[in-house]
Trainee: 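What follows is a single structure, and I will ask about it in a moment.
Note that this is a predicted model, so its numbers are computed, not measured. Order of appearance sets the numbers: ligands from 1, and atoms from 1 within every ligand.
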Amino acid sequence: ELPSIFEGTVDLGIIGGTGLYNMDCLEPIALLPPMLTPWGTTSSPVTISQFVGTNSHFHVAFIARHGVSHEYPPTKVPFRANMAALKNLNCKAVLSFSAVGSLQPHIKPRDFVLPQQIIDRTKGIRHSSYFNDEGLVGHVGFGQPFSQKFAEYIYQFKDSITNPESEEPCHLHYDKDMTVVCMEGPQFSTRAESKMYRMFGGHVINMSVIPEAKLARECELPYQMICMSTDYDAWRDEAEPVTVETVIGNLTNNGRNANLLASKIIVTMAKEIPEFMHTGDGLHGSIKKSIST
Ligand code: ADE
């Protein structure tokens, strides 16, 4: 019964990962059918939600990265269509969620991480640029793949994530060297690979941040991923076997915390749109400076 068209502009784009197919902190005002772009169709319908802020309405667009019933494996996600759709809706920043494995003892399952660096271990089989045609070459800077201003904005709400089942709190980890390794998958890593990623300096591992972060950069969109830890990956020699109950419990708790964190972020943004969304965190014009033909 929701309208299938939306004529306004969107402020914030959100991409949900495994275990996060919609956000109950959002009240939808429109449900756009999967959007057709020159790079294919978005992986899910696009849910538009509205928040009444101090001076105006704040709009959020939500896309489920793997589809509403998890039909796209990481290798086949239409990353370019998803990012192009958010850009086309006029989003000023993209907040992304992803389930990750932890490569560090202090990053416990159910903890969240705001990475600032990426190690790309995908196999080069994903469409990872909008500059794939001959005659137009573009090289954007990617030394700092995430928006530090956005990460700092999110970090102010670090106390909003909790673990109701244990005495231990959940942590939101953030510093400038926090690194997410992105592997091709769909199989998880071997123990030897997992240990190698630790030696590389990885903190968490997933299968989605590449090419999403690259495409956000080509769209000049401030981008930050919130990594939600579900497991310790394969590096621990004396690890107790993981149970399905544990993983499901972690995914459920992560979904709940993702909603708690997202609602804090959105409510605060709706009151006053942060500076980095006006300025693009220094990214405006970076394409213009990068193209040679
Ligand atoms: N996503 C969640 N856990 C993961 C792991 N251990 N490796 C890669 N991707 C993941």
Trainee: Protein residues near ligand 1, heavy-atom distance below 4.0 Å?
Mentor: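 Within 4.0 Å of ligand 1, protein side: Ala99, Val100, Gly101, Met183, Phe188, Ile205, Asn206, Met207, Thr230, Asp231, Asp233.
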Trainee: Any Lys/Arg nitrogen of Lys264 or Asp159 sitting under 4.0 Å from an Asp/Glu carboxylate oxygen of the other?
Mentor: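 Salt bridge: no.
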Trainee: Can you classify the ring geometry of His70 versus His66 as parallel (below 30°), tilted (30 to 60°) or perpendicular (above 60°)?
Mentor: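 Plane angle under 30°, so parallel.
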Trainee: What do you reckon, is CD of Glu71 surrounded by more than 12 foreign heavy atoms closer than 6.0 Å?
Mentor: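 Check passes, neighbour count above 12.
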Trainee: Are there more than 12 heavy atoms of other residues, nucleotides or ligands under 6.0 Å from atom CD1 of Ile125?
Mentor: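 Yes, enclosed.
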Trainee: Return the minimal non-hydrogen interatomic distance between Leu32 and Ser4, and the atom names on each side.
Mentor: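 Minimum heavy-atom separation between Leu32 and Ser4: CD2-O, 3.5 Å.
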Trainee: To the nearest 0.5 Å, tell me how far Gln148 CD sits from Gln224 CD.
Mentor: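 So the gap between those two atoms works out to 9.5 Å.
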